[in-house]
There are 2 protein chains.
Amino acid sequence: MAQKNRLKYILLGLLKEKKQTGYDLAKSFDSDIGEFWNANHSQIYPLLKRMEQASLIDHELDTVGEKLEKKTYFLTALGQQSFEDWLKSPSEMGGAHDEFILKLYFINDARSPLLSTMISEQEKYHNAKLAQLQAQFKAKFPTDKEVQANFGHSLVLRHAIEREKGYRSWLEEINQTLEN
Amino acid sequence: MAQKNRLKYILLGLLKEKKQTGYDLAKSFDSDIGEFWNANHSQIYPLLKRMEQASLIDHELDTVGEKLEKKTYFLTALGQQSFEDWLKSPSEMGGAHDEFILKLYFINDARSPLLSTMISEQEKYHNAKLAQLQAQFKAKFPTDKEVQANFGHSLVLRHAIEREKGYRSWLEEINQTLEN
DNA sequence: GTCGTCATGTAATAAGTTACATGATTTG
DNA sequence: CAAATCATGTAACTTATTACATGACGAC
């Protein structure tokens, strides 16, 4: 995808919240934001360099132990501005990528023997996912105080939870249709 | 995305349903399947060539009018097999790309003045989208007969509809939270 | 002292977008 | 006869994945 460089803005956003290393940034995609975007360190490190050349970010060198140097990146004024501009720009829609749905699209016979295993595989996955997200929400937002302090984060998690609930009920609906 | 060549399987699936040209295939992404994947003709034409070299598909030349030649592609036995194998393989999860949610993630102050316009922009879009999808469903699947004949298609559309409903109620939920 | 994690990079390849380029046919 | 659509392709570029490569630090 030669897209609109969304990763750049994600990194700016993450760095705006807290100055951190490329390694830290890469880990961010393991939870929360990972529900809606992903990136590997091999994509992040070169991009950070380019962003620094573009004066969007800068870094300081911190030494851990004796030798290990790490680069802690932070936003410049230009980076701040660029990020705000992105937030204000209209959001582009679409881009859902779901391989299971892709497959379903091609199964036009409701009696296909493939359906039952495919669906139960999905149910298993999405049930686990839902449980995991709900646990995550409870852990991160136990009271309203945490929600207030991280409103955006909470909304995104809630969206992921709603998505999974919707997915699950859609799968159930399919099962019911199949039973008739 | 150096992914798992999902487009290849989509093209195989579409060609399995009906032999058609690259141009036709490109148009398929304007509706239905476009809810879950997209591709341009500039990606499709070269891929068709490679798929033909790999003996997954073959083509016949049809002449339209006096001069215009079009290549009508169809599956080979190998292509059939490759497609069936894909259907049977486990589906990989994740890959939702939603720029609006990405932005929300970074708006951690519930009082941000950006929120209201962003949300109403989204409501407008998703309401329109929902209406469009529902109209599409009614047009393509007016009775149970059509659903039976194109079960997979109907499920995918239903999923898109459920997705939009979920999105809408999530946005409403946000509005309610904001009013307090 | 080794195993897991921290930490940073590059290279090769694949996938996807945008722009360039051309020409025929159909519809109004 | 002009505009929309049909039809096919290439080129340049960006984005993303997988694999290769190295080494330090911390905990047990």
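Reminder, nothing fancy here: chain letters follow the sequence lines and each chain counts from 1.
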What pairs of donor and acceptor atoms, side-chain ones from residues 159-166 of chain A against any protein atom, are under 3.5 angstrom apart with sequence neighbours left out?
{"from": "A:Arg163", "atom 1": "NH1", "to": "A:Glu35", "atom 2": "O", "distance (Å)": "3.4"}
{"from": "A:Arg163", "atom 1": "NH2", "to": "A:Glu35", "atom 2": "OE1", "distance (Å)": "2.7"}
{"from": "A:Glu164", "atom 1": "OE1", "to": "A:His126", "atom 2": "ND1", "distance (Å)": "2.5"}

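Annotation: side chain to side chain contact (heavy atoms under 4.5 Å, CB included) contacts of B:Ser91 (sequence neighbours excluded): A:Glu99, A:Phe100, A:Lys103, A:Glu121, A:Gln122. The side chain to side chain contact (heavy atoms under 4.5 Å, CB included) search around A:Asp109 returns A:Arg111, not counting sequence neighbours. Not counting sequence neighbours, the partners of A:Thr177 by the side chain to side chain contact (heavy atoms under 4.5 Å, CB included) test are B:Phe151, B:Arg158. Under the side chain to side chain donor-acceptor pair (under 3.5 Å) criterion, A:Ser82 pairs with no residue, sequence neighbours left out.
The distance from atom CG of A:Asn40 to atom P of C:dA11 is 18 Å, rounded to the nearest whole Å. Computed from coordinates, the B:Leu7 CG to C:dG16 C1' distance equals 10 Å when rounded to whole Å. Taking atom OH of B:Tyr45 as the reference point, atom P of D:dC6 lies 11 Å away to the nearest angstrom.
For residues 50-61 of chain A, the set of pairs meeting the salt bridge (charged side-chain N to carboxylate O under 4.0 Å, His left out) definition, not counting sequence neighbours, comprises A:Lys19-A:Glu60.
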Interface polar pairs with nucleotides 2-4 of chain C, N/O, under 3.5 angstrom:
none

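In this structure, A:Asn38 and B:Ser42 both approach DNA chain D, and ranking their closest nucleotides by distance from the 5' end singles out B:Ser42.
The CG atom of B:Leu47 sits 5.0 Å away from the CG atom of B:Leu7 when rounded to the nearest 0.5 Å.
Grouped by direct or indirect side-chain proximity (heavy atoms under 4.5 Å, Ile/Leu/Val/Met/Phe/Trp/Tyr only), A:Tyr45 sits with A:Tyr23. Clustering of Ile, Leu, Val, Met, Phe, Trp and Tyr side chains at separations under 4.5 Å leaves A:Leu61 isolated, with no partner residue.
If you check residues 50-63 of chain A against DNA chain C, you find no residue with a heavy atom closer than 4.0 Å. Listed by residue number, there are no residues of residues 15-26 of chain B with a heavy-atom contact under 4.0 Å to DNA chain C.
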Summarise protein proximity over nucleotides 21-28 of chain C in one line of letters, 5' to 3': B for base, S for sugar-phosphate only, - for none, counting protein heavy atoms closer than 4.0 Å. ---SS---

